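Working notes, beginning with the structure itself.
Everything quoted here is computed from the prediction, not taken from an experiment. The sequence lines fix the lettering, A, B, ..., with proteins before strands; numbering per chain opens at 1. Because only heavy atoms are used, hydrogens play no part in the values below, and waters and symmetry mates are left out as well, while side chains stay in.
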Amino acid sequence: MIAMPSVWIACLTLAQLPSTSTRLDARTNILLGSVLVLLGVAYFVGRALRRQPESTANPAVVRTFNLRVRAWWMMFAILIAGLLMGYVATVVLFGLISFWALREFITMTPTRRGDHRTLFWTFVVFTPLQYVLVGLREYGLYTVMIPVYASLFIPARIAIAGDPKRFLERVAKIQAGLLICVYCLSHAPAILSLELTTGSPEARWIIGQDAQRQPIYGSNASVLFFFVLIVQLNDVFQYLWSQLLGKRIIAPQINASRTWEGLIGGTLSTMLLGMLLSWATPFGMFWAGLISGAVALAGFAGSMTMSGIKRDRGVKDYGTLVSGHAGVLDRIDSLCFAAPVFFHLTRFFFSKL
Amino acid sequence: MNLTAPFLAAIAKLLSGATVRWHECQPDTCQRVYFANHTSHLDALVLWASLPGEIRNLTRPVAAKDYWSKTRLRRYMAQCFHAILIDREEIKVHQSPVDVMIREIGKTYSLIVFPEGRRNPGEEMEEFKSGLYYLSKKRPDLELVPVYIDNLNRVLPRGEFLPVPLLSCITIGPPIWLEPNESKAEFLKRAREAVRRLKDV
């Protein structure tokens, strides 16, 4: 029932769009509108499925579906709120999501008493600092702060704490958490800071000589929305193709529901969807398809990696780890892996560097 | 009742990310003794904060005087959540901690106690101190409610003063009572087992 308030928030914000917002252009509004309709349909389908007898609809599948739809409403509401309030607000909201995901990640991975101060640095210094740098649009700093400086600081701080037991393992856990939950995800709001063009001069050798360098204004919001939509629907496509044709499971011990058929079918479907939605981006149909393919593969890699970590720890969902929590990390695993890929492709080929 | 108490409770809940599970037990304003495993200074505060508001106002944690009266901030916080401060160093004959507790709670308040007596650094719970037994012997009408606190020792371990905001979980289990003719050792073992069992539910 959490969905209902967010429906109203979404309706209210959409109703106000033409008068209050100059940042969201027509393309974004069309994209948002169609997603809203889709989500509405998904919501009512979910409700109808819940009333079906158990013989026609598997209750576990229906439950998962409804949880997903609820998470999408939340994501949608957060994105809309962020986009309407501006760049800094979006960065702050993504920062909070990162913070919560990192909380789940570290809670699940066992750390030792000697890691306490290092964890304090991770939560209180590195996580906010990364988002402050993204907020300040300091590309040169936010791309190296965590992979270089935090990654060097963490082992040094653990060494100073003086506990040598399983040293490398403990370092890797904290580094991986910070990299996936904070560093990767922070590239999603950073999309809003790009100065988009129809093709960067550096990319001319690959896009073609006649590529123009016309700046596009006001469309960053629709590009960010395009990205989140592609990643989420890619998850759905991979699941559906797995259910339809899936025979060859990729890694049964890691994730028993991911199949090669699902991966290939899902990626192709996502590429097709990306091409169909290319009007919301500066990419053009061909490049929208290719970038969507890359995003689909990265999203798949994210889900597989997180499954691997979960199996190692013997939990099914991050949500069930501490029961009652929503399991933010379960919902954003593919988003985390895909964000830097999408960001860098867009930045290199379609922005003023 | 002051205004800082709900504020303090909200901060504690936010910081510890505590999930509260009532397992075969319902929130109630009747007189109870919540007894829990003890791993962090935050235990009393977070357990107290995770009770529903009306019950929280009627529940008083039992805390160590030497820790909670050390600085002005700690004294103020202890006052906020109506802590009963027990002197661990100096135990007087006519003022035994159990007598103090029974006198302080009267016919209205509930208690939060940590029968291990001190924060436990290890994985396994320590043996329970006998206070819980005498409490129950003198006031057999009190419901003894076991509570298992998970992961708070990682939020604020022994000897640290800056908390790391991880997620923790508080499981509140079905009440037990002192059986007639039950010996002290048997009862304490059973009580400890009641807390330990909540780890797996």
From CG (Asp150(B)) to OG1 (Thr107(A)), nearest 0.5 Å = 10.0 Å
Would the number of heavy atoms belonging to other residues, nucleotides or ligands and lying under 6.0 Å from CZ of Phe7(B) be above 12?
-> no
Please check if atom NZ in Lys13(B) has more than 12 non-hydrogen atoms from other residues, nucleotides or ligands closer than 6.0 Å.
-> yes
Crowding at CZ, Arg63(A) (>12 non-hydrogen neighbours, <6.0 Å) | no
Within 6.0 Å of CZ in Arg103(B), more than 12 heavy atoms from elsewhere = yes
How many angstroms lie between atom CE of Met108(A) and atom CG of Leu167(B), to the nearest 0.5 angstrom?
-> 11.0 Å
Measuring from Arg158(B):CZ to Arg113(A):CZ, what's the distance to the nearest 0.5 Å?
-> 9.5 Å
Chain B contact via Thr122(A) - side chain, backbone, both or neither, heavy atoms under 4.5 Å | neither
Spacing of OG1 belonging to Thr109(A) relative to CG belonging to Leu166(B), to within rounding of 0.5 Å = 8.5 Å
How close do Arg154(B) and Thr111(A) get, heavy atom to heavy atom, and via which atoms?
-> NH2-OG1, 3.1 Å
Greatest number of heavy atom pairs closer than 4.5 Å to chain B - which of Arg112(A), Arg117(A), His116(A) | His116(A)
Decide if atom OH of Tyr67(B) counts as having more than 12 heavy atoms of other residues, nucleotides or ligands within a radius under 6.0 Å.
-> yes
Region of Phe120(A) in contact with chain B, defined by heavy-atom distances below 4.5 Å | both
Flag yes if more than 12 heavy atoms outside Gln26(B) fall under 6.0 Å of its CD atom; otherwise flag no.
-> no
